[in-house]
Amino acid sequence: MKLSRLAFVFATAGLCCGALLCAVRLHAFQRVGDFGFGNAESSTNVKSEFYWSRLAYTSSMQSYGSYGGGYWGRTSWSRDYPKADRQFLVAMHRLTRIDGRPTEQVVRLDSDDIFNYPWIYAVQVQTWSFTDDEAKRLREYLLKGGFLMVDDFHGTKDWENFMLGMRQVLPDRPIEDLQDNDEIFHTLYDVDSKMQIPGEHYIRTNRTYEKDGYQPKWRAIRDSDGRIMVAICHNMHLGDAWEWADDPNYPEQFASMAFRVGLDYILYGMTH
Amino acid sequence: MFSLLFKYSLPVFTKGHFVFLSGWPAWLLVVLIVLSVAGLAVLIQYRLKRAAVETQGDAVRLSTRRAWVLWALQGALVALLLVLVWQPAMSVAELSSQQNIIAVVVDNSKSMATPDADGKPRETAALNTLQSGVLDGLNKRFRTRLYTLNGGLNKVESLSMVTPAAAATHISDGLQQLTEQTSDLPVGAVVLLTDGSENSGGVGSGSSIGLAALQALRSRRMPVHTVAFGSSEASHDVELEDVSVAASAVANARLAATVSLQQHGYTNTHATITVRDGDKAIAVHDVTLGAPGVIQTEPLFFSAGAAGAKTLRFSVETLPGEENRDNNALTRPVLVSDGKRRILYVEGEPRWQFRFLRRAEEEDPSVQIVSMLRTSENKIYRQGINSPDELADGFPVKAEDLFQYSGIIIGSVDASYFTPLQQELLREYVDRRGGGILFLGGRASLSDGAWGASSLGDLLPTFLPAGRNNFHRDPATVSLTQQGIDSPTVRLLEDPQKNAERWRKLAYLADYEDPGTPRPGATVLAEMTGGRKRMPLLITENYGSGRTAILASGGTWRWQMLEKLGDPSHNLFWQQLLRWLVADTPGPVTVSASARTLSDQGHIDLSAQVHDRQFHAAPDAHVSAHIIGPAGVNAVLEMMPSQETPGLYTAAYTAEKPGSYLAEITADAAGSKPGKLGEDVLTFQREDGVAENFHREANRTLLDQLARDTGGQAWTAATAKNLPRDISYSEAGISVRSVKELWNMPIVFLLLLSLPAAEWLLRRKWGIV
């Protein structure tokens, strides 16, 4: 093969690779640019009343990635994403009359688009960090009537890190432990007795806790009228329970409890 | 001048009857006149022809036209002579001298103390008129009785007892009282000296003489001679004419009031209207005063505030140089209730609209949302219920269960979710019970919920479009219609134009549903534009005793989430819309009163419409009214059932003291199912001396009408000197019918001389003497 022909082949291959990379980047851009009210043309992004909205936040642990780098890679906010979300939505469709989109929606705090989604879900919140504008936007979101459910953070250190961000958003709001008779546990299912819901590590370790989070903490932050605006699931991992619900090794009682609590939280958010 | 020519005064001719004293038949006079005049015509015709023959072509000096002029003059003279031969006369009823009483009634209300252009109070002018010969003239021929007129009629012995200090002018009541007090006296006529500021109906009720008073006067043929004092309009004054505001409201509801005012001397001047609850100003409205003497109407909107019986004071600021500063304010009693109106919200699926609507109403202490939400196929999540049993079996199937709610919201619910019985209950709820139903747009709402094809299709304020694909999860922008701009229901900002602008800038709706076209009689308050199509958004309609509305969207929640934090638009909109929905929904007991403000008198009629638990008229209830008033007034009245209207109970009460009164009406069921049916409360007030501050300008129109309707005459201070002479022609009292011969009237002699003289002069001029 002549050198010139070899160069042509390499050049062509390079161009193809470049085009492929561009396509991937464009795909990522379109996902970001696709925030909004869905698309009537799409079978998955169908316009609906309810969107399972997962909060994508900047992480205080840059190695886990952030908006700017590795957005679709392994990041804190996308733990269990999207399988947990979609399996939960399957259950929601079967068990409620909520007109929800079958696929999740990613929302971010650097845009007012978040105000179109009055219910959001966040995980690994011990790693979240906010700029002043993001904290202000989340505060306004909650005070206007938005609902936030946080999940999958464990132990004392995680709580402290979570609270660093939370105090940036709501400096003065007290956090309380929810009682079994709280309305949030009775909107669709009466969840009177609750257990610690472990992540998928339970399959291997038979442990329900992670780190030093031995006891499940069902907590909340209320607004000035006593309505819950932040539901906190500390020392447990509902997202994993949804994600691994179809694994025969993951105990059914954990998955069932996680679905019931998740549906109660959504119904509470849509009725209070 | 009239009397000089005609010998007698005008009333002789206006009140008397024309007669011939000769006894010969009147037809004969007519025949003779016709024959005479015709004979003259024939004679003239004959002489004209003869003259033409004799002259044979020479110019005829007496033309035909001139000949007929002469004929007319001769004919008139002959006719006049013939009429005189028949002895014409006027037969008129005349009061017998010294046998009749003339009632001299002097208005001594406060308005008579008003100084007019000459600087003298009206009362002084009235007394001067009487003392400058009128009273003496009357006394020469009649007996006179002096009265003062104010809120009633009082007999006085001398004019020195008349001082203009009374708090009211009730001309009708006074005249009626006069007829009653003098029923056995020969009153020949009434002389009424007043400015005509009648205010028996209170401020803003207009002024006229009551029918009862007119009938009493007419039955005695008693003429009222009015003597008007005062100028017809003030030179510099702003006056509140009336204030219209609801008698009751729910706490914090948005109240609409209409203030009517007029001015003289302040055209294009800016003024401020203020509404006060006690010392607190609750609304301020700037106006530019319009044309003088023209009623100007200004709308006002304000919050009813906390619950309680309130006396709202509406005032327009006093302008420099105002002649009357006491007519710039009016008060109105308003009862603000804190009883929560319960609205049943039926929602077929979890929706953000449901959640944000509930949150908006949680801020409203006057409305409570009782909701039933279908969370899953077989589960209903209930909120706002009073007991575990409420709505436990789903949507009510009994009238007494459904009719307890003041309003109903139907969300994304297919019409088939309701059984035929429940659909009929919904119709009865609006039509008979007088409730309000609001239909929301949604996935299973309106046409997409097959409501158009249901038995309740005509309940909706629109003709729904065909098909079930009219709901779209696409953005829609909103704006107000002109009716919406004028409506308090959709008022987010005080200023109507700023409010319209605010609506145009509201965040777009998350979804919309085409509601079709409004029915005749429906009102479109707001519109939306979605998919490049303009459609009604908020449509209201009165149906039967109640009302229905459509809000053709389930996406107003974006107004809460997308507008700035703290923006009240979303919550305010819902609070006002739902207050409109329930504001006019009656309770089991609905009380009303003949008046809310009693001016200078205390009589009030109370009536209560009582319904049983199925909202049928309750004719056998026990109804009582507990009245609490100023200075410890405390009374309990039994209200009696009406014989004509089932379920209506009435009672009369007299509020003796000025101040605010509260009437609590309670109805208890009798018969087989005893128990309390319901209660209602109303407020009213008695004001003494306030109405007299208004309409102080002389009401000559009223006095002219009174004189005309009773056979009297309208006089002024300048013409009243002739009153003693002309007043004697009356059929009231002791009167005799006198005959006034007309042959010797100066006008007759003048005609007898002037007609031949005119003929002679014309003949001289034309050269045919």
Side-chain angles (χ1 to χ4, degrees), chain A residues 36-40 45-51 53 91-101 107 111-120 136-147 183 186-190 223-227 229 260 263-272, chain B residues 345 347-363 369 371-384 411-414 417 442-444 471-476 507-511 531 554-555 557-571:
Chain A
F37 271 105
N39 184 346
N45 193 18
V46 64
K47 295 177 179 180
S48 306
E49 180 72 20
F50 178 81
Y51 297 84
S53 309
M92 189 185 82
H93 282 131
R94 284 191 57 190
L95 299 171
T96 74
R97 288 177 58 82
I98 298 173
D99 176 31
R101 195 176 67 180
V107 295
S111 161
D112 282 343
D113 188 50
I114 193 172
F115 293 110
N116 286 317
Y117 305 95
W119 197 97
I120 55 177
K136 178 171 177 283
R137 186 170 282 115
L138 183 55
R139 178 167 57 251
E140 289 186 358
Y141 172 88
L142 294 171
L143 295 179
K144 284 179 178 178
F147 186 95
E183 190 60 23
H186 300 276
T187 52
L188 184 65
Y189 295 104
D190 291 321
D223 64 14
S224 54
D225 294 314
R227 297 173 297 228
M229 55 181 173
R260 287 200 294 271
L263 291 172
D264 271 350
Y265 279 23
I266 288 176
L267 261 307
Y268 183 92
M270 296 186 83
T271 54
H272 287 78
Chain B
Y345 182 4
E347 184 55 84
E349 59 178 309
R351 297 202 296 166
W352 293 118
Q353 182 90 310
F354 175 91
R355 188 251 195 145
F356 283 94
L357 187 158
R358 282 195 58 88
R359 289 169 74 98
E361 289 309 312
E362 283 173 10
E363 291 181 4
I369 298 289
S371 58
M372 48 176 291
L373 165 66
R374 294 186 70 198
T375 53
S376 70
E377 285 304 312
N378 298 310
K379 285 190 177 182
I380 291 174
Y381 182 58
R382 296 170 294 155
Q383 290 173 274
S412 181
V413 188
D414 200 286
Y417 178 71
R443 205 160 52 121
F471 176 69
H472 306 280
R473 293 197 190 278
D474 290 314
Y508 61 77
L509 301 168
D511 54 51
W557 59 269
R558 287 192 85 256
W559 297 346
Q560 174 66 15
M561 290 301 289
L562 274 294
E563 295 295 337
K564 287 181 182 173
L565 179 64
D567 184 284
S569 301
H570 173 270
N571 290 0

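Throughout, a chain's letter reflects where its sequence line sits, starting with A, and its residues are numbered from 1.
- Between Tyr189(A) and Lys379(B), some side-chain heavy-atom pair lies under the 4.5 Å cut-off.
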Go through Thr271(A) and Phe354(B) one step at a time and tell me if the side-chain contact (heavy atoms from CB on, under 4.5 Å) criterion holds. CA-CA 7 Å; Thr271(A) 54; Phe354(B) 175 91; 3.8 Å; yes

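- Judged by distance alone, the side chain of Lys144(A) and the main-chain N or O of Gln560(B) form no donor-acceptor pair under 3.5 Å.
- With respect to chain A, the highest number of heavy-atom pairs below 4.5 Å among His472(B), His570(B), Glu377(B), Glu347(B) belongs to Glu377(B).
- Lys47(A) contributes no side-chain N or O that, together with a main-chain N or O of Asp474(B), makes up a donor-acceptor pair within less than 3.5 Å.
- Atom OG1 of Thr375(B) sits about 12.5 Å away from atom CD1 of Ile266(A), to the nearest 0.5 Å.
- Contact check on Lys564(B) versus Glu140(A) returns no salt bridge, with no Lys/Arg side-chain nitrogen under 4.0 Å from an Asp/Glu carboxylate oxygen.
- At a 4.5 Å heavy-atom cutoff, the contact between Leu267(A) and chain B is made by side-chain atoms alone.
- Contacts between Asp511(B) and chain A at a heavy-atom distance below 4.5 Å involve the side chain alone, from C-beta outward.
- Arg227(A) touches chain B through its side chain: at least one heavy atom from C-beta onward sits under 4.5 Å away, while N, CA, C and O do not.
- The candidate from Asp112(A), Asp99(A), Thr187(A) with the greatest count of non-hydrogen atom pairs under 4.5 Å with chain B is Asp99(A).
- Using a distance-only test at 3.5 Å, with no hydrogens or angles considered, no donor-acceptor pair links the side chain of Arg97(A) to the main chain of Ser376(B).
- For Glu363(B), no part lies near chain A; criterion is any non-hydrogen pair under 4.5 Å.
- Residue Arg358(B) touches chain A through its side chain alone, counting heavy-atom pairs closer than 4.5 Å.
- Using a 4.5 Å cut-off between heavy atoms, Asp225(A) does not touch chain B at all.
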Show your reasoning for whether side-chain contact (heavy atoms from CB on, under 4.5 Å) applies to Glu49(A) and Trp352(B). CA-CA 8 Å; Glu49(A) 180 72 20; Trp352(B) 293 118; 3.5 Å; yes

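- Residues Arg558(B) and Phe115(A) are not in side-chain contact: their nearest non-hydrogen atoms beyond the backbone lie 4.5 Å or more apart.
- Both the backbone and the side chain of Leu565(B) have a heavy atom closer than 4.5 Å to some heavy atom of chain A.
- Heavy atoms of Gln353(B) lying under 4.5 Å from chain A belong exclusively to its backbone.
- The closest donor-acceptor contact from the side chain of Arg473(B) to the backbone of Val46(A) lies at 3.5 Å or more, if one exists at all.
- Between Asn116(A) and Leu562(B) the shortest side-chain heavy-atom distance falls below 4.5 Å.
- Proximity of Phe50(A) to Pro350(B): side-chain heavy atoms (C-beta onward) are nowhere separated by under 4.5 Å.
- In this structure, Phe147(A) and Arg355(B) approach most closely via the heavy-atom pair CB-NH2, 4.2 Å.
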